[in-house]
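Beneath this line is the structure, given in structure tokens, with notes to follow.
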Amino acid sequence: MWVNPKNPQILLLVSDQGAVISVNGGESWGSWYNQPTAQLYHVAATDTFPYLVCAGPAGKRLGVHLDTRQ
């Protein structure tokens, strides 16, 4: 769990299932199901511009790369 040091009403809870956020000190939480979530391993970034973030998702044989301008 992460608590925003500048605003402790903002909380983030992360697990293998994904992440949920609260903006009211935990009185209510966002949904696990309204976001695309993946477990990524071996994350790396290139030194080019724009940066590319490369990762291998857990349990899959496919790789992912994201352009930082997208």
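As a basis for the values below, the full set of heavy atoms in this structure was taken, side chains included, without hydrogen atoms, waters or symmetry mates.
- Closest approach of G30 to V20, counting heavy atoms only: O-CG1, 3.4 Å.
- For the atom pair I21 CD1 and I10 CD1, the distance stands at 6.5 Å (nearest 0.5 Å).
- Here the closest heavy-atom approach between residue S28 and residue S22 is recorded as O-OG, 2.9 Å.
- The CH2 atom of W29 sits 5.5 Å away from the CG atom of L13 when rounded to the nearest 0.5 Å.
- With hydrogens and angles ignored, the 3.5 Å screen pairs a side-chain donor or acceptor of T46 with a backbone N or O of L52.
- To the nearest 0.5 angstrom, M1 atom CE is 5.0 Å from L11 atom CG.
- Not one N or O on the side chain of Q9 forms a donor-acceptor pair closer than 3.5 Å with the backbone of V23.
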